[in-house]
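Please read the structure below before turning to the comments.
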Amino acid sequence: MTNKIISVKNLVKNYGNFEAVKGISFDVFEGEIFGLLGPNGAGKSTTLEIIETLRQKSGGEVIVDGLNLDQHPNEIKRIIGVQLQSSGYYPDLNLVELIELFCGLYNRTIHPHELLEMVNLKEKAKSRYKELSGGQKQRFSVATTLINQPRVIFLDEPTTGLDPQARRSLWELILKIRENGTTVIITTHYMDEAEYLCDRVAIIDSGKIIALDTPDKLIDNLVASGFERTREVKKANLEDVFINLTGHTLRED
Ligand code: ADP
Ligand code: MG
């Protein structure tokens, strides 16, 4: 993993007088799952949306697959996959019709049923978006990011609000997408999620990156600094209890 697919240098975003992103720099390597972690308001979505060409930056440089954002935003759009907010889907079209609509917009031909199979929604092909459960909606919106066969996809808090089963099902989908060769950039404020999914993470707070490394290395550094948990660590947590009792099966149909 040495090929840089995204390079961000000194990125700045001001909203009026407010500096939301304060000169951050990071690289994302091809084929990795890269996490942007941080509390609400840290600047994660702003950063993502600038790279996605959906928001204007105030300063700095963004390169995606060798393309400079300032000169080649349209070329960048062609090689990235962006997740829409749910309001972006026509409520009365079924999933196959929605995929066909996106195919038309991207000028691509793909088989809707294959895509739905990939995200475990084949049985919902004739359902409308608004009839899906929360987890199904998220899996569908992840599916739509893949329609243009992008080099890199952006997922902004994809598991927020999902139950533990749906969350794990989405994790497996994200791993599968990466296995197929797509780079993934994900934002989250769930640390267990980041630890499970991400090869490297940048921790962002008040518009600045305060740490960037593999989850393992960040944990080792903390331990090496003399940190100790105040409570003894058990071999399982409450989520393990919950999943063990209720099973991995999705509860959404
Ligand atoms: P995160 O995704 O990490 O929660 P955001 O990127 O959404 O953070 O927001 C970063 C900061 O910028 C927040 O303080 C937010 O209130 C502010 N902000 C985001 N969008 C706008 C906007 N369109 N106008 C003004 N301030 C904004
Ligand atoms: Mg956000």
Side-chain angles (χ1 to χ4, degrees), residues 5-28 32-64 69-70 73 76-77 80-89 129 134-135 137-145 150 152-163 166-167 170-171 173-174 177-178 182-215 218:
I5 190 147
I6 290 174
S7 170
V8 172
K9 287 205 181 83
N10 299 319
L11 183 67
V12 173
K13 175 66 182 181
N14 302 320
Y15 294 111
N17 292 330
F18 175 66
E19 225 183 350
V21 176
K22 300 173 178 148
I24 64 171
S25 303
F26 60 92
D27 295 325
V28 178
E32 75 176 341
I33 301 179
F34 185 87
L36 273 181
L37 316 184
N40 287 331
K44 305 181 296 294
S45 297
T46 299
T47 302
L48 230 57
E49 286 168 16
I50 289 170
I51 306 172
E52 291 168 330
T53 77
L54 301 176
R55 248 179 233 243
Q56 289 282 340
K57 60 183 164 61
S58 309
E61 186 186 71
V62 176
I63 312 270
V64 180
L69 179 73
D70 294 329
I76 290 177
K77 281 193 185 85
I80 64 171
V82 172
Q83 228 186 340
L84 289 183
Q85 306 296 316
S86 50
S87 55
Y89 300 109
Y129 177 78
K137 281 187 174 136
Q138 280 300 358
R139 292 208 304 282
F140 181 73
S141 80
V142 170
T144 63
T145 70
V152 42
I153 63 168
F154 298 87
L155 305 175
D156 197 354
E157 292 189 23
T159 64
T160 297
L162 300 185
D163 72 28
R167 210 157 77 102
L170 202 71
W171 290 356
L173 174 59
I174 293 168
I177 289 169
R178 187 268 291 279
T182 310
T183 307
V184 179
I185 303 190
I186 179 172
T187 72
T188 182
H189 42 228
Y190 300 122
M191 296 306 126
D192 58 336
E193 177 164 302
E195 204 175 333
Y196 183 74
L197 285 180
C198 296
D199 298 300
R200 293 187 310 136
V201 300
I203 299 178
I204 172 166
D205 194 15
S206 305
K208 286 191 192 138
I209 289 181
I210 52 176
L212 196 168
D213 216 321
T214 64
L218 290 171

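Heavy-atom basis, side chains included; hydrogens, waters and symmetry copies ignored. Every value quoted in this text rests on a predicted model; they were computed, and no experiment measured them. Order of listing sets the numbers, starting from 1, for every ligand and every atom in it.
Annotation for ligand 1: atoms under 4.0 Å from non-hydrogen atoms of A42 are 1 (P), 3 (O), 8 (O). Within ligand 1, the atoms closer than 4.0 Å to a non-hydrogen atom of A20 are 11 (C), 12 (O), numbered from 1 in the order shown. The distance from ligand 1 to the heavy atoms of N40 drops below 4.0 Å at these ligand atoms: 4 (O).
Ligand 1 lies less than 4.0 angstrom from a heavy atom belonging to R55. Residue-ligand proximity: G38 is placed with every non-hydrogen atom at 4.0 Å or more from ligand 1.
Judged by distance alone, the side chain of T182 and the main-chain N or O of R178 form no donor-acceptor pair under 3.5 Å. With N14 contributing its side chain and N17 its backbone, the two residues share no donor-acceptor pair below 3.5 Å. Although no hydrogens or angles enter the test, the distance criterion places no donor-acceptor pair under 3.5 Å between the side chain of K77 and the main chain of E52.
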Legend entry - side-chain hydrogen bond (donor to acceptor under 3.5 Å, both in side chains) between Y15 and T46, intermediate numbers included: CA-CA 10 Å; Y15 294 111; T46 299; 2.9 Å; yes

Legend entry - side-chain hydrogen bond (donor to acceptor under 3.5 Å, both in side chains) between Q83 and S141, intermediate numbers included: CA-CA 6 Å; Q83 228 186 340; S141 80; 2.8 Å; yes

Legend entry - Working for side chain to side chain contact (heavy atoms under 4.5 Å, CB included), residues I203 and L212: CA-CA 6 Å; I203 299 178; L212 196 168; over 6 Å; no

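Remark: minimum distance from atom 8 (O) of ligand 1 to any protein heavy atom is reached at G43 N, 3.1 Å. Closest to atom 15 (C) of ligand 1, if we only count protein heavy atoms, is F18 CE2, 4.7 Å. The nearest protein atom to atom 19 (C) of ligand 1, hydrogens excluded, is given as Y15 CE1, 3.4 Å; this is a heavy-atom distance. At the shortest separation from atom 7 (O) of ligand 1 among protein heavy atoms lies S45 CB, 3.8 Å. Looking at atom 9 (O) of ligand 1, its nearest protein heavy atom turns out to be T46 OG1, 3.8 Å. Protein heavy atom in closest approach to atom 10 (C) of ligand 1: G41 O, 3.4 Å.
Inclusion of S45 in the first shell of the Mg ion (ligand 2) is supported: an N, O or S atom falls under 2.8 Å.
Ring planes of F26 and F34: parallel class, angle under 30° (limits at 30 and 60°).
Note that R167 lies in the cation-pi zone of Y190, set by a 6.0 Å cut-off to the ring centre and a 45° limit from the axis.
Considering backbone and side-chain N/O atoms, K44 comes within less than 3.5 Å of an N/O atom of ligand 1.
Between V142 and L170, the closest heavy-atom pair is CG2-CD1, 4.2 Å.
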